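Below: the structure, in structure tokens.
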Amino acid sequence: MNTHSPARFPYTPPPELSGNGELRVPVAIVGAGPVGVACAIDLALQGVKAVVLDDNDTVSTGSRAICYAKRTLEVLDRLGCAETVVGRGVCWNVGKVFHRDRLAYQFDLLPEGGHKHPAFVNLQQYLLEEAMLARLQEVGGEVRWKNRVAGAAPDGGGVTLSVETPDGAYRVRADWVIACDGARSPMRDYLGLEWRGQIFRDRFLIADVHMVGDYPTERWFWFDPPFHPNQSVLLHRQADDVWRIDFQLGWDADPEEERKPERVIPRIRAMLGDDRPFELEWVSVYTFQCRRLDRFVHGRVMFAGDAAHQVSPFGARGANSGIQDADNLCWKLARVVRGEAGPALLETYDRERVAAADENILNSTRSTDFITPKSATSRLFRDAVLDLSVKHPFARRLVNSGRLSMPTTYRDSALDTPDADAFVSALVPGSPAADAPVRIAGRASWLLDCVGGSPAVLMFAAPERDAELEQLVALASGAKVVVVVPAGGGAPARDGIMVAEDVDGLAARRYGAAPGTIYLLRPDQHVAARWRRWDAQAFEHALARAIGRTEVSAHAA
């Protein structure tokens, strides 16, 4: 087993050990997993110095998180590593649900074309981490391996971290700390924070199996299959001919015994048949848990990823939600570090991502209740729903084999401006922006490639409104301005704008946009406000609100 050799990184004695014993940085990040590295890349792209501290010197072992959703891929695209992840991984859109020995139904998560990324990419977590760490090195980020944070002392002006290395101890004095140190987070313990939630009375076996399989590239989920009766099984294909199989075991299963090859191999042979050769790469046993901190922001310390919240893995929400935490947090923290916004902006990270965690926990709990019925009556209901779903579409909406990761809409966020006009598009303020194919300067591109990292304005152009466009450019200080025109449409001759041709009309359709429609996007590509007609005062107020800037110019006063 464990046939994959994880990348190992060199330990370098910190210079502080022979100096004054203290490193001073604007931001320290605890944990070099996907969430911590996403934070480090994002901050580096925004010119903020950060150091990552990790107690290990390798990437993770085993597949762990494997399913990365379209929205997460869009975030990784902005960070500059999605191309590697998509190229290395296995793309899929279709899932199938089986009940006993027959197909109950199948679904397509991305039935409409015109998207840069698939619904999901499967890639072992260690390969994701390797790609992200390579990108962090490209942008000049720093990871200190074998640097274990052994204590944290926050105060009004920052946080002092006690760090232990193989060659001695030193201190890191950071203005801000992001704790991304996982579900067993020592940082939570150092701050005396309570970890609330529910542990479900069931256990699951993960087996990474190396084999040449002829299954299609789809998500397959079985309820009560003949090869594993009265339980459930999940199958996913990963890179390098590695297949991830999750077997439900029940609460009475002994985790130590179930990890042994003599217990695992017969289960896999029952599923695959005796004639298919395979090799175990990694085995683990896990328990469903849905827990979170009451708050994610504690003074100068912010928590993200599994250190802040934990959900069951069947919905592929853990790593996806964590990377979306980083996407929400880092542009806000960068603005605070640069003095462009006050610390109150970080409170919106707490409110928005706590709401996202609660949404994920609710959906994860519902999935767990369906997958592992708690009573005979619940089991009868579930099996009846599965039987009906074979022929009746209404029943398929009740089947829950894990609600797959979906981005959160930040409804009623303090950064959003409510609609003043009627829209048919579902892209309400707080929604993640939609992508669409466009052409930039004659070259094929994507709308989301034009935005992100800073505020952005999408204006669906009308030729008679050039004066409004000129005024918008003048007021959108620090924001990207993208003018979306019909395919073959004229390009407004203005400095400070990008012209995107809506080659298939999908951008206008997805945004419900008529000529003159304007969308204001936050740096994390979520909609902050939208209008049917230009209103200079409303725009400037909405821009100030969206980026945590309280002062508004005399023009808008």
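The model shown is predicted, which means the values in this text are computed figures rather than measured ones.
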Next item on the list: Verify side chain to side chain contact (heavy atoms under 4.5 Å, CB included) between V48 and V27, making sure each step is shown before the conclusion.
Entry: CA-CA 8 Å; V48 174; V27 181; 3.9 Å; yes
Next item on the list: Determine whether the side chains of S284 and R64 contain a donor N or O and an acceptor N or O closer than 3.5 Å.
Entry: no
Notebook entry, point to check: Do the two ring centres, one from F278 and one from H210, sit under 6.0 Å apart?
Noted result: no
Which side-chain N or O atoms in residues 104-120 pair as donor and acceptor under 3.5 Å with protein atoms at least two apart or in another chain?
| residue | atom | partner | partner atom | Å |
| --- | --- | --- | --- | --- |
| D108 | OD1 | L110 | N | 2.9 |
| E112 | OE1 | R510 | NE | 3.4 |
| E112 | OE1 | R510 | NH2 | 2.9 |
| E112 | OE2 | R509 | NH2 | 2.0 |
| H115 | NE2 | R510 | NH2 | 3.4 |
| K116 | NZ | D77 | OD2 | 2.7 |
| K116 | NZ | D449 | OD1 | 3.1 |
| K116 | NZ | D449 | OD2 | 3.1 |
| H117 | NE2 | D77 | OD2 | 3.0 |

Margin query: I'd like to know if the side chain of T365 and the backbone of I361 have a donor-acceptor N/O pair within less than 3.5 Å.
Written below: yes
Margin query: With a 6.0 Å cut-off (strictly less than), is the heavy-atom count around CZ of R411, excluding the residue itself, greater than 12?
Written below: no
Notebook entry, point to check: In Å, rounded to the nearest 0.5 Å, how long is the span from NE2 of H298 to CZ of R188?
Noted result: 10.0 Å
Check: Should R196 and D294 count as an ion pair when the cut-off is N to O under 4.0 Å?
Finding: yes
Check: Side chains of S375 and S378: do they bring a donor and an acceptor to under 3.5 Å?
Finding: yes
Notebook entry, point to check: Any side-chain heavy atom of M187 sitting closer than 4.5 Å to one from V301?
Noted result: yes
Note to self: What I want to find out is whether R88 reaches D240 closely enough, with some N-O distance under 4.0 Å, to be called a salt bridge.
What the structure shows: yes
Next item on the list: Using a strict cut-off of less than 4.0 Å between a Lys/Arg side-chain nitrogen and an Asp/Glu carboxylate oxygen, indicate whether K96 and E218 qualify as a salt bridge.
Entry: yes
Margin query: Before we go on, tell me: are the rings of F303 and F296 under 6.0 Å apart, centre to centre?
Written below: no
Check: Quick one: does D224's side chain have a donor or acceptor within less than 3.5 Å of a partner on P229's backbone?
Finding: no
Next item on the list: Evaluate the side chain to side chain donor-acceptor pair (under 3.5 Å) criterion for residues N328 and Q324: first the C-alpha distance (whole Å), next the side-chain angles of each, then the deciding distance (0.1 Å), finally the verdict.
Entry: CA-CA 6 Å; N328 185 290; Q324 290 167 40; over 6 Å; no
Notebook entry, point to check: Can we say R353 and D325 salt-bridge, meaning some charged N sits less than 4.0 Å from an Asp/Glu carboxylate O?
Noted result: yes
Next item on the list: Among W220, W243, W92, find the one that has a ring-ring contact (aromatic ring centres under 6.0 Å, His included) with H236.
Entry: W92
Check: What's the verdict on side chain to side chain donor-acceptor pair (under 3.5 Å) for N147 and T165, showing C-alpha distance, side-chain angles and the deciding distance?
Finding: CA-CA 5 Å; N147 279 236; T165 78; 5.8 Å; no
Item checked: Residues D54 and R148 bridged, charged N to O under 4.0 Å -> no
Note to self: Salt bridge or not between E352 and R522? Use side-chain N to carboxylate O under 4.0 Å.
What the structure shows: yes
Notebook entry, point to check: How far apart are the closest heavy atoms of W145 and N56, and which atoms are they?
Noted result: CE3-O, 3.2 Å
Next item on the list: Given side chain to side chain donor-acceptor pair (under 3.5 Å), test S431 with Y410 step by step and report yes or no.
Entry: CA-CA 6 Å; S431 303; Y410 303 132; over 6 Å; no
Next item on the list: Indicate yes or no for a side-chain donor-acceptor contact from Y68 to the backbone of G89 under 3.5 Å, with no hydrogens or angles considered.
Entry: no
Checklist line | Minimum-distance pair of heavy atoms, taken over all atoms of Y215 and R237 | finding: O-NH1, 4.5 Å
Margin query: Counting the benzene-type ring for Trp, do F247 and F227 have ring centres under 6.0 Å apart?
Written below: no
Item checked: E279 vs V209 side-chain heavy atoms within contact, under 4.5 Å -> no
Margin query: Working note: S232 + W222, criterion side chain to side chain contact (heavy atoms under 4.5 Å, CB included); need CA distance, chi angles, decisive distance, verdict.
Written below: CA-CA 5 Å; S232 61; W222 287 267; over 6 Å; no
Notebook entry, point to check: Side chains of T72 and K70: is there a donor and an acceptor less than 3.5 Å apart?
Noted result: no
Check: Between the side chains of H99 and D387, does any donor sit under 3.5 Å from an acceptor?
Finding: yes
Notebook entry, point to check: Under 4.0 Å between a Lys/Arg side-chain N and an Asp/Glu carboxylate O for D524 and R78?
Noted result: no
Check: Hey, is R203 close enough to E258 for a salt bridge, meaning N to O under 4.0 Å?
Finding: no
Margin query: If you define the side chain from C-beta out and look only at heavy atoms, does anything of R244 sit under 4.5 Å from L235?
Written below: no
Margin query: Contact between Y286 and D246 at the side-chain level, heavy atoms closer than 4.5 Å - yes or no?
Written below: yes
Next item on the list: Indicate the atoms forming the closest heavy-atom contact of D101 with P226, along with that distance.
Entry: CB-CG, 3.9 Å
Notebook entry, point to check: Is there a donor-acceptor pair closer than 3.5 Å between any side-chain N or O of Q525 and the backbone N or O of V451?
Noted result: yes
Next item on the list: Calculate, to the nearest 0.5 Å, the distance between atoms CG and CG belonging to D252 and D202 respectively.
Entry: 9.5 Å
Notebook entry, point to check: What closest approach, in Å, do T84 and A131 show between heavy atoms, and which atom pair accounts for it?
Noted result: CG2-CB, 3.8 Å
Notebook entry, point to check: Are the side chain of E129 and the backbone N or O of S60 linked by a donor-acceptor pair below 3.5 Å?
Noted result: yes
Margin query: Determine whether a donor-acceptor pair (N or O, by modelled atom type, separation under 3.5 Å) exists between the side chain of H228 and the backbone of Q248.
Written below: yes
Next item on the list: Determine whether I29 and V51 make a side-chain contact, defined as any pair of heavy atoms from C-beta on separated by less than 4.5 Å.
Entry: no
Margin query: Just verifying a value: how many Å separate D306 CG and S321 OG, rounded to the nearest 0.5 Å?
Written below: 9.0 Å
Notebook entry, point to check: Going through the checks in order, is the side chain to side chain donor-acceptor pair (under 3.5 Å) test met by R397 and S389?
Noted result: CA-CA 9 Å; R397 295 191 296 270; S389 67; over 6 Å; no
Next item on the list: For a side chain to side chain contact (heavy atoms under 4.5 Å, CB included) with D383, tell me which candidate from L386, L380, V385 qualifies.
Entry: L386
Item checked: Pair D327 + R71: basic N to acidic O under 4.0 Å -> yes
Next item on the list: Decide whether S185 and D181 meet the rule of one side-chain donor and one side-chain acceptor closer than 3.5 Å.
Entry: yes
Next item on the list: Please say which of E257, E256, E262 ends up in a salt bridge (charged side-chain N to carboxylate O under 4.0 Å, His left out) with R259.
Entry: E256
Margin query: With a 4.0 Å cut-off on N to O distance, would you call D214 and R276 a salt bridge?
Written below: yes
Notebook entry, point to check: Between F223 and F98, is a side chain to side chain contact (heavy atoms under 4.5 Å, CB included) present by the stated rule, with each step listed?
Noted result: CA-CA 6 Å; F223 290 97; F98 299 88; over 6 Å; no
Check: If you take all heavy atoms of F370 and V399, which pair is closest and at what distance?
Finding: CZ-CA, 3.8 Å
Return all side-chain donor-acceptor pairs below 3.5 angstrom for residues 132-143, not counting sequence neighbours, or 'none' if the list is empty.
| residue | atom | partner | partner atom | Å |
| --- | --- | --- | --- | --- |
| R135 | NE | L79 | O | 2.8 |
| R135 | NH1 | E138 | OE1 | 3.1 |
| E142 | OE1 | K49 | NZ | 3.3 |
| E142 | OE2 | R144 | NE | 2.8 |
| E142 | OE2 | R144 | NH2 | 3.4 |

Next item on the list: Please report the shortest heavy-atom distance between A239 and V90, naming the atom on each side.
Entry: N-CG2, 3.9 Å
